[in-house]
Structures are given as C-alpha cells and as structure tokens.
Amino acid sequence: MNQIITPIFRMFDVEKAREFYVEFLGFRIDWEHRYEDHFPLYMQISSPSCTLHLSEHHGDACPGSAIRVQVENIELFHQSLLRQGYKYACPDIEETPWETREVSVTDPFGNRLHFYQPVDHS
C-alpha cells in the first residue's frame with residue numbers, strides 16, 4: 001500500500017501565502033474550500049516534490065512547523081528561487097554534515113521548508 005503524508009501548515013493571510021507558495025516557490029493551487037463566505041480558507045497546493053495543505057482554521061496546525069522535501073536538482077531549484085526576486089528571502093545552498101545540500105526558507109507564518117538533495121559520491 002502506497003502511503004501519502006500531507007503536512008498541514010497554519011496561515012494567517014491568504015495573499016501572503018499565495019505570494020510565498022505560488023509566486024516564489026512555484027506551487028500550484030489544487031483546490032480551495034470555505035464552509036461559507038468570510039470563513040477561514042483551507043487549501044491544497046502542490047509541486048512535483050510535495051503536496052501541502054494550508055489552513056486559516058484555528059487549531060489545524062501550529063505556526064513554526066518544519067518539513068523536509070527532497071528535490072531532484074537542488075541547483076536548478078535554487079536558481080529558480082533566486083530568479084523570482086522575492087523580497088523577503090534570498091536563500092543559499094548549504095552543505096550539511098549529514099551529506100545533503102539544502103535550501104531552507106521560512107514562510108510568512110514561521111513555517112520552515114528545507115528542500116534537499118543527498119550528496120552524490122559517485
């Protein structure tokens with residue numbers, strides 16, 4: 001059985017979430033749900049590497065969470081982020097002692113995303 005894990009991140013501002021996740025990181029919005037107009041938004045976003053849920057609902061998640069997302073080509077991913085010219089982040093690639101290369105960013109709500117690629121020793 002193939003298991004899929006979908007993290008939920010708390011958000012407090014839909015426009016800032018869209019700017020960060022869609023415009024900067026390149027996620028696409030899969031769907032959005034509100035029980036009624038002016039109710040909190042719950043949405044699913046995805047990229048080739050992962051799927052996330054973002055929620056304005058109190059109690060769905062705590063701000064300040066973190067996830068790790070493995071990517072195919074960290075250099076290409078890093079360059080795509082720099083090209084966006086996002087004024088709130090300009091991440092570098094970090095070489096870690098646990099033999100990964102990582103690009104880490106923090107969303108406007110304090111959630112951290114660590115995109116990584118294992119170091120290839122071949």
Side-chain angles (χ1 to χ4, degrees):
M1 179 179 193
N2 188 11
Q3 296 182 2
I4 297 172
I5 297 170
T6 305
I8 303 170
F9 278 164
R10 183 73 196 277
M11 66 172 168
F12 300 100
D13 183 307
V14 175
E15 292 310 312
K16 285 183 181 183
R18 286 186 180 130
E19 179 185 25
F20 180 80
Y21 285 100
V22 176
E23 295 173 26
F24 178 49
L25 293 182
F27 280 77
R28 73 170 194 255
I29 298 172
D30 298 325
W31 50 260
E32 297 180 341
H33 174 73
R34 292 181 194 269
Y35 285 103
E36 292 185 28
D37 291 342
H38 306 294
F39 272 47
L41 178 68
Y42 192 93
M43 66 194 294
Q44 178 174 296
I45 60 174
S46 63
S47 73
S49 301
C50 76
T51 299
L52 297 173
H53 285 189
L54 302 177
S55 178
E56 285 187 304
H57 290 270
H58 175 75
D60 273 357
C62 296
S65 297
I67 61 169
R68 297 178 52 75
V69 180
Q70 186 170 346
V71 296
E72 293 281 325
N73 185 328
I74 196 73
E75 289 85 8
L76 184 62
F77 177 75
H78 178 248
Q79 288 303 314
S80 72
L81 293 184
L82 295 181
R83 280 193 301 274
Q84 299 309 314
Y86 183 66
K87 62 184 175 181
Y88 302 109
C90 186
D92 283 329
I93 297 177
E94 177 188 358
E95 305 278 339
T96 69
W98 46 92
E99 299 189 355
T100 61
R101 300 185 74 219
E102 302 191 4
V103 173
S104 298
V105 293
T106 302
D107 79 5
F109 321 108
N111 301 301
R112 296 174 318 279
L113 297 95
H114 305 283
F115 298 91
Y116 73 95
Q117 180 178 13
V119 172
D120 183 8
H121 292 291
S122 52

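All values below were derived from every heavy atom in this structure, side-chain atoms included, with hydrogens, water molecules and symmetry-related copies excluded.
- Grouping the Ile, Leu, Val, Met, Phe, Trp and Tyr side chains by contacts below 4.5 angstrom, directly or via other members, places Y21 with Y88.
- Between the CD atom of Q79 and the CD atom of Q84 there is a distance of 11.5 Å, given to the nearest 0.5 Å.
- Residue E95 places its CD atom among more than 12 non-hydrogen atoms of other residues, nucleotides or ligands, all under 6.0 Å distant.
- Residues R18 and I29 share a closest heavy-atom pair of NE-CD1, 3.7 Å.
- There is no path of hydrophobic side-chain contacts, each under 4.5 Å, that joins V103 to Y116.
- Two different hydrophobic clusters hold F39 and V14 under the rule that ILVMFWY side chains link at heavy-atom gaps under 4.5 Å.
- Neither L52 nor I8 shares a network with the other; the hydrophobic side chains, linked directly or stepwise wherever heavy atoms of I, L, V, M, F, W or Y lie under 4.5 Å apart, form separate groups for each.
- Counting only heavy atoms from C-beta outward, the side chains of E72 and S49 never approach each other to under 4.5 Å.
- The aromatic rings of F77 and F115 sit tilted relative to each other, their planes meeting at an angle between 30° and 60°.
- The structure places SG of C50 at 7.5 Å from CD1 of I45, a figure rounded to the nearest 0.5 Å.
- A donor-acceptor contact shorter than 3.5 Å links the side chain of H78 to the backbone of P91.
- Here the side chain of N111 pairs no donor or acceptor atom with the backbone of P63 at under 3.5 angstrom.
- The distance from atom OG of S104 to atom CZ of R68, rounded to the nearest 0.5 Å, is 8.0 Å.
- Side chain of R10 to backbone of E56: a donor-acceptor contact under 3.5 angstrom is found.
- Rounded to the nearest 0.5 Å, atoms NE2 (H53) and CE (M43) are 10.5 Å apart.
- Here the side chains of F20 and L54 are not in contact, with every heavy-atom distance at 4.5 Å or above.
- Ring-centre distance between Y42 and Y35: not below the 6.0 Å cut-off.
- Judged by distance alone, with hydrogens and angles left aside, the side-chain atoms of D13 form a donor-acceptor pair with the main-chain N or O of E15 at under 3.5 Å.
- Under the 4.5 Å side-chain heavy-atom criterion for grouping Ile, Leu, Val, Met, Phe, Trp and Tyr, L82 is not connected to V105 through any hydrophobic cluster.
- For the residue pair N73 and L76, the shortest heavy atom distance occurs at OD1-N, 3.0 Å.
- Heavy-atom minimum distance, T100 versus V119: N-CG2, 3.7 Å.
- Atom-to-atom distance recorded for M11:CE and H57:NE2 is 8.5 Å, nearest 0.5 angstrom.
- Taking OG of S55 as the reference point, atom CZ of F9 lies at 12.5 Å (rounded to 0.5 Å).
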